[in-house]
Amino acid sequence: QVQLVESGGGLVQAGGSLRLSCAASGRTFSGYCLGWFRQAPGKEREFVAAITWSGGSTYYPDSAKGRFTISRDKDKSTVLLEMNAPKPDESSVYYCAASRVGRAYYDISANDCWGQGTQVTISS
């Protein structure tokens, strides 16, 4: 059974930094893209970053480029999201997700496995 378990959320000041971790288990993730999404109350879930498990190619929306960094540690079967200079309006529940390579990794419906989420609150 595939499991994605997020950790590392909490309270951080705007302009600070925070690292989120996603422990992935239950299958081999070669052929998959692991990503991060976020959802604030009353808003739609949105794409934050993604990385291909095998080749390590990374993808970001314009809002995250230059500030967020996604990486994976194959030995630990973990995906990390480094958030630098986060903004108060980026306070959300952050979710880890997995999609098959070739699908639209940025699209919620293309991700067939999700973690339970971790709350990130950014104070001004």
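Model, not experiment: these values are computed from the prediction. Position 1 is the first residue of the sequence, and the numbers go up from there. Worth knowing before you read on, the calculation uses all heavy atoms, side chains too, and leaves out hydrogens, waters and symmetry mates.
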- Task: Look only at the side chain of Arg72 and the backbone of Thr78, and say whether a donor-acceptor pair between them is shorter than 3.5 Å.
- Result: no
- Do any N or O atoms from the side chain of Ser91 and from the backbone of Ile122 form a donor-acceptor pair under 3.5 angstrom? yes
- Message: If you count every heavy atom of other residues, nucleotides or ligands that lies below 6.0 Å from Lys76 atom NZ, does the total exceed 12?
- Response: no
- How close do Gly16 and Pro86 get, heavy atom to heavy atom, and via which atoms? O-CD, 3.1 Å
- Do any N or O atoms from the side chain of Glu6 and from the backbone of Cys96 form a donor-acceptor pair under 3.5 angstrom? yes
- Item | OG-CZ distance between Ser109 and Arg103, expressed to the nearest 0.5 angstrom | 6.5 Å
- Query: Under a single-linkage definition using a 4.5 Å side-chain heavy-atom cutoff for Ile, Leu, Val, Met, Phe, Trp and Tyr, are Phe37 and Val120 assigned to the same hydrophobic cluster?
  - Reply: no
- Task: State, with a plain yes or no, whether a side-chain heavy atom of Tyr60 is found less than 4.5 Å away from one of Thr69.
- Result: yes
- Could you check if a side-chain atom of Ile70 sits within less than 4.5 angstrom of a side-chain atom of Leu80, using non-hydrogen atoms only? no
- Item | Pair Phe68-Glu90, side-chain contact (heavy atoms from CB on, under 4.5 Å): steps then yes or no | CA-CA 12 Å; Phe68 292 6; Glu90 294 178 320; 3.6 Å; yes
- Message: Quick one, Arg38 with Glu44, criterion salt bridge (Lys or Arg N to Asp or Glu O under 4.0 Å). Give me CA distance, side-chain angles, the key distance, then yes/no.
- Response: CA-CA 8 Å; Arg38 64 188 177 202; Glu44 294 186 351; over 6 Å; no
- Does some side-chain heavy atom of Trp53 sit less than 4.5 Å from a side-chain heavy atom of Val79? yes
- Query: Would you call Leu4 and Trp114 a side-chain contact if the rule is heavy atoms closer than 4.5 Å?
  - Reply: no
- Answer with yes or no whether the hydrophobic clustering places Val12 together with Trp36; edges join I, L, V, M, F, W, Y residues whose side-chain heavy atoms lie under 4.5 Å apart. yes
- Is any side-chain heavy atom of Tyr59 less than 4.5 Å from a side-chain heavy atom of Phe47? yes
- Message: Would the distance check show the side chain of Thr52 and the main-chain N or O of Cys33 forming a donor-acceptor pair, the cut-off being under 3.5 Å?
- Response: no
- Measure the CG-CD1 distance between Leu34 and Ile51 for me, rounded to the nearest 0.5 Å. 8.5 Å
- Checking Ser77 side chain against Ala24 main chain: does a donor-acceptor pair fall under 3.5 Å? yes
- Starting from the C-alpha separation in whole Å, work towards a yes-or-no answer on side-chain contact (heavy atoms from CB on, under 4.5 Å) for Arg67 and Lys87. CA-CA 10 Å; Arg67 297 188 301 122; Lys87 305 171 185 177; 3.9 Å; yes
- Is the number of heavy atoms from other residues, nucleotides or ligands within 6.0 Å of CD (Gln13) greater than 12? no
- Are any of the side-chain heavy atoms of Leu11 and Ser123 separated by less than 4.5 Å? yes
- Query: In terms of heavy-atom contacts, does CZ of Arg19 have more than 12 from other residues, nucleotides or ligands at under 6.0 Å?
  - Reply: no
- Message: Once side chain to side chain donor-acceptor pair (under 3.5 Å) is applied, do any residues pair with Asp73, and if so which ones, sequence neighbours excluded?
- Response: none
- Would one find more than 12 heavy atoms of other residues, nucleotides or ligands at under 6.0 Å from atom CZ of Phe29? yes
- Task: Determine yes or no for a side-chain-to-main-chain donor-acceptor pair under 3.5 angstrom, with Asn111 supplying the side chain and Tyr105 the backbone.
- Result: yes
- Task: With rounding to the nearest 0.5 Å, note down the distance linking OH in Tyr32 to OG in Ser54.
- Result: 11.5 Å
- Item | CD1 on Ile108 to CD on Glu46, rounded to 0.5 Å | 9.0 Å
- Query: Given side chains that start at C-beta, do those of Glu82 and Leu18 come closer than 4.5 Å, heavy atoms only?
  - Reply: no
- Query: Cys113 and Val2: which non-hydrogen atoms are nearest, and at how many Å?
  - Reply: SG-CG1, 3.2 Å
- Query: Less than 4.5 Å apart, any side-chain heavy atom of Leu81 and any of Val48?
  - Reply: yes
